[in-house]
*Asks:* 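Please read through the structure below; I'll follow up with questions.
Protein chains get the first letters and strands the later ones, always in sequence-line order, with residue 1 at the start of each.
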Amino acid sequence: AQSVTQLDSQVPVFEEAPVELRCNYSSSVSVYLFWYVQYPNQGLQLLLKYLSGSTLVKGINGFEAEFNKSQTSFHLRKPSVHISDTAEYFCAVSVAQGGSEKLVFGKGTKLTVNP
Amino acid sequence: KAGVTQTPRYLIKTRGQQVTLSCSPISGHRSVSWYQQTPGQGLQFLFEYFSETQRNKGNFPGRFSGRQFSNSRSEMNVSTLELGDSALYLCASSLASRRDTQYFGPGTRLTVL
């Protein structure tokens, strides 16, 4: 079964510092990968997704992620974070099942940006 | 375009009761998926509906059911509520395929007392 591991449950950083949120997935023939962000008391918002092509994917709010097939990783990065980036971040893989698909999520990483 | 809407946003029920949650997808989206989010288990897939048919189901007991109407709106029902059903229930809509982005609603916070 497909699975997603987010290696850090909490990541504290200072404002304007770079950040990397790590994500590893179990391998599959074709992989579609996603990063979502959840602000308090809200639903999930898509940051970026990898379907195929270039392994470096750029998303909203200055985030980017790199797909590494050999390492089965899809780490999320931002060169300089803001207080407003404080949120929980979820990595997900799209799994084909019975002619349909579902998203399998990691446990999430809580990013706290301190002044 | 309006986003995914879920009603109600908050709900308090007691054990043994049943509950119905509603989800209105983005206009033109035919796929609706439901997820349960809890602090312990994280985000877990419940089921997915496409063109009024359940296409996919997660590992939840039969107390959890759903349906989709011809206008793509979806409802999920939980019968005989248990304390462990307390969670944020998220609905997501998409066009159809694995490549399509799932757009999430704000969720319904269910508390079972």
*Asks:* Quick one: are the ring centres of A:Y36 and B:F104 less than 6.0 Å apart?
*Replies:* yes
*Asks:* Non-hydrogen atoms of chain B under 4.5 Å away: do they reach the side chain of A:L44, the backbone, both or neither?
*Replies:* both
*Asks:* With a 6.0 Å cut-off on the ring centroids, do A:Y32 and A:F34 count as close?
*Replies:* no
*Asks:* Given that the side chain runs from C-beta out, which part of B:L43 has a heavy atom under 4.5 Å from chain A: side chain, backbone, both or neither?
*Replies:* both
*Asks:* Please classify the contact between B:Y35 and chain A as side chain, backbone, both or neither, with a heavy-atom cut-off of under 4.5 Å.
*Replies:* side chain
*Asks:* Ignoring hydrogens and geometry, is there a side-chain-to-backbone donor-acceptor pair from B:Q41 to B:T38 under 3.5 Å?
*Replies:* no
*Asks:* When you check the side-chain N and O atoms of B:S79 and B:N77, is any donor under 3.5 Å from an acceptor?
*Replies:* no
*Asks:* Between A:Q45 and chain B, which part of the residue has a heavy atom less than 4.5 Å away: side chain, backbone, both or neither?
*Replies:* neither
*Asks:* Quick check on B:Q102 against chain A: is it the side chain, the backbone, both or neither that has a heavy atom closer than 4.5 Å?
*Replies:* both
*Asks:* Does one side chain, of A:Q38 or B:Q37, offer a donor that lies under 3.5 Å from an acceptor on the other?
*Replies:* yes
